[in-house]
Amino acid sequence: MSWVPQGLNREQLSAVEHAAGPLVVFAGAGSGKTRVITHRVAHLVESRAVPPWRILAVTFTNKAAREMRERLEKLVPGQARSLWVGTFHAVCARLLRAHADQIGLRKDFVIYDDADQKSMLTRVLRGMELDERMFAPKQVAFLINAAKQEGRSPDEFEARDPFSRTVREIYAVYEERMAASSALDFGDLIYRLVYAFRKDPTVRDAVRARFDQVLVDEFQDVNHVQFAFVEALCEQHRNLCVVGDDDQSIYRWRGADRRNILEFRSHFPDASVVKLEQNYRSTQRILRAANAVVARNLEREPKRLWTENEDGAAVTAIACDDDRDEASTVVQAMRMLIEASYTKNDIALLYRKHSQSRVFEEQLRRVNMPYRVIGGLRFYDRAEVKDLLAYLRAVHNPDEDVSLMRIINKPARGIGKTTVERLVDSAAGAKTSVHAALLAACDDDSQPATTRKKLQNFAQLLQRLRERAAVGPSALSRDVLDSTGYLAELREADSVEADSRIENILEVVASMEQYEAEASEPSLTEFLELVTLETDADRAVADDAITLMTVHAAKGLEFPVVFVAGLEEETFPHQRSGEEEDPEELEEERRLCYVAFTRARERLFLSHAHVRRVYNDVKIRRRSRFLDEVPKGELHWVGANRRGVHDGQPARSTRPEVRPANGTAYVDRSEANDTLEAGIQLGMRVRHSKFGVGQVTAVADGVPPRVTVVFPDGSRSIISSYLTPA
DNA sequence: TATGATTCCATTTTT
DNA sequence: TGGAATCATA
């Protein structure tokens, strides 16, 4: 009757069946990490009879959580629903609500995203009459978030110099204002729980008593509070299974600390260790290139990914004149791949930073190639979407200042800057919410009659909406949009942007309706939480299109074909101009490069430009050291080199674009290029794994080099690297 | 209050 | 260079 895990290798199986106590799994890229976690959960439920609701599996993204749940639904039908599967933030939010009374929180707290946090901070700074240049909200937010990641309250905030002392004060006031609005920021969701654990052992014990088994995915990315949270949960039973890959840790700048996984064994001396080193994703050649780069890092858990997959096509390196040349060469290569056999969905273009996408987008548009850009502005960050949600929040809890301030004059209702400032001042003076100040002003005879009337109208609007709040999020939204004239205003504007805004708003309303239909107990609070914790990655569309995104955004994904663009010094590895090279940062860049390479299943293309436009001038760029860290024989160099020597690099005269006098073109080949595709020539007999033996009837120079071959069953255009001489 | 002018900023951004 | 945010002015 016992559930039998299937199709697992020895290491995977030992992780799945690990009996009790701490376990750390080092899971290389494409080594079946998710499989191990899901099978382990299934094993616990089915073979060890752990009640599903006593198992907690934590991820970093909603997408990972959803996938895990879906897979578990198949493995242990009917039981997956009661498992605790979610992101750190979602799980902690749920626990905070469940124990809100004990912790001293309102059950229906709202969650502030980064933008909300920043506007709250701006208000605090203005209230304290601080110079916003000295104390930039962005920087202060960073310091406060860092403090929360370290688990430090305002009292524990280290402040030796005057600047830090002021920041500490800001932090304290900020916390007060957040509490007054019953709002929690992202950092709070974990920090407040850990803080409560520390202050009140009964809370800690109550939460701890919920779970028998805890599993954490992407453990290399946990920060200090997250570690403290997990540790606190497992202190008694010690059934903690963490899975991760120190080589894929790319969020150091957000507080992720690789030591959590590297030093897991010192924290838990009795921990079992499993290493998953067999890769099921990429070809030998891709893996060799990726390994070669990351192996240069000094601080890492020793391991080497290997695969039984075939050798595959050579990793292609493309040298380009400038960024536009890079874009057109890459796009050209993509078109050929699509003509040959790939779909657009098979292809991804990765870059170090968003700004690199522009040239590619222009080029893709020029050739009418559908593409999608992942990242950039989140859907729920759009102004109109935030406006609507702010209305809902303000109706839900008028004392929540950030939302109230956002909508107080939107659409314009004559409550101008001065009036708002006066409200904020009196709220700060009386230590009340802005809403309370608003109500007071409505009854204040000393106010000018016209402003007073306007304030009263607004207060009544809120009041009326509040009475209607029970109709549910979608109906309430429609009411808001109609009675405020928000939609009407957009309709009147009658512009393309206005139309897309209307569309976005309607999409939000539609998502509310969907939520209401699906949720067991739909509530405004829960909907708002879902929306703030949700990112865009989940809204991917089904169209056939080429995917463009940063390497960061690509973590956890895989594509048959991957292009990595801009492999140049200062771009990738990224370096801020004038700053000294930090070895730790360089290692992180190298890991990032490793992540980029290992996204590819079959084909990997790496491009760099000799000249790149940066702001308004042009800069000569040396190709990335990462390219040179790949052994020479592993890279097949192609591409433009029409200029000879660049900034001291060896001129690639060894890679001539020569056409023999008789007009026969042949495929570009580089020095030390011992790949099979080199030297494929017109008339040659070649072998293809699927189509058999054929004869080359045409050769097209390009990226990738492509040839036309007549096979027994017809003529085909083939990428030359798939061919071997017959 | 709305608009144009000016200034500032530019790495990555799981939640 | 380009965009967003803030400022200045009618």
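First the proteins, then the strands, lettered A, B, ... as listed; each starts at 1.
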Atom [atom1] of [X] and atom [atom2] of [N]: how far apart are they, to the nearest Å?
X        : N      : atom1 : atom2 : value
A:Lys353 : B:dA10 : NZ    : C1'   : 8 Å
A:Tyr351 : B:dT11 : OH    : P     : 16 Å
A:Tyr251 : B:dT11 : OH    : C1'   : 12 Å
A:Arg413 : B:dA2  : CZ    : P     : 13 Å

Name every residue in residues 546-553 of chain A that has at least one heavy atom under 4.0 Å from any atom of DNA chain B, in order of residue number, or write none if there are no such residues.
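Contacts with DNA chain B under 4.0 Å: A:Thr550, A:His552.
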Distance test, side-chain N/O of A:Asn145 to OP1/OP2 of B:dT13, below 4.0 Å:
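So the side-chain polar atoms of A:Asn145 never come under 4.0 Å of the phosphate oxygens OP1 or OP2 of B:dT13.
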For a quick test of reading the model: is some side-chain N or O of A:His354 closer than 4.0 Å to OP1 or OP2 of B:dA10?
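No.
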Partner set under ring pair (Phe, Tyr, Trp, His ring centres under 6.0 Å) for A:Tyr515, not counting sequence neighbours
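Partners of A:Tyr515 by the ring pair (Phe, Tyr, Trp, His ring centres under 6.0 Å) criterion, ordered by chain and then number, come out as A:Phe527.
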Could you check A:Asn145 against A:Gln117 for side-chain hydrogen bond (donor to acceptor under 3.5 Å, both in side chains), going step by step and ending with a plain yes or no?
CA-CA 10 Å; A:Asn145 293 338; A:Gln117 179 188 39; 2.8 Å; yes
By the ring pair (Phe, Tyr, Trp, His ring centres under 6.0 Å) test, which pairs, at least two apart or in different chains, include something from residues 572-592 of chain A?
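Non-adjacent pairs meeting ring pair (Phe, Tyr, Trp, His ring centres under 6.0 Å): A:Phe572-A:Phe626.
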Hey, where on DNA chain C does chain A first and last touch, going 5' to 3'? Cut-off is any atom under 4.0 Å from a heavy atom.
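Reading along DNA chain C, I get C:dT1 to C:dG2.
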For the residue pair A:Gln363 and A:Tyr371, confirm or rule out a side-chain donor-acceptor distance under 3.5 Å.
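Result is no, nothing qualifies.
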Set of side-chain hydrogen bond (donor to acceptor under 3.5 Å, both in side chains) partners for A:Asp245, sequence neighbours left out
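Only A:Gln248 meet the side-chain hydrogen bond (donor to acceptor under 3.5 Å, both in side chains) criterion with A:Asp245.
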Going by the rule side-chain hydrogen bond (donor to acceptor under 3.5 Å, both in side chains), which residues pair with A:Glu489 if we only count those two or more places apart in sequence or in a different chain?
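Testing A:Glu489 for side-chain hydrogen bond (donor to acceptor under 3.5 Å, both in side chains), a comparison that skips the adjacent residues, returns none.
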With rounding to whole Å, what would you report as the distance between B:dT12 and C:dA5 at their C1' atoms?
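So the two C1' atoms sit 22 Å from each other.
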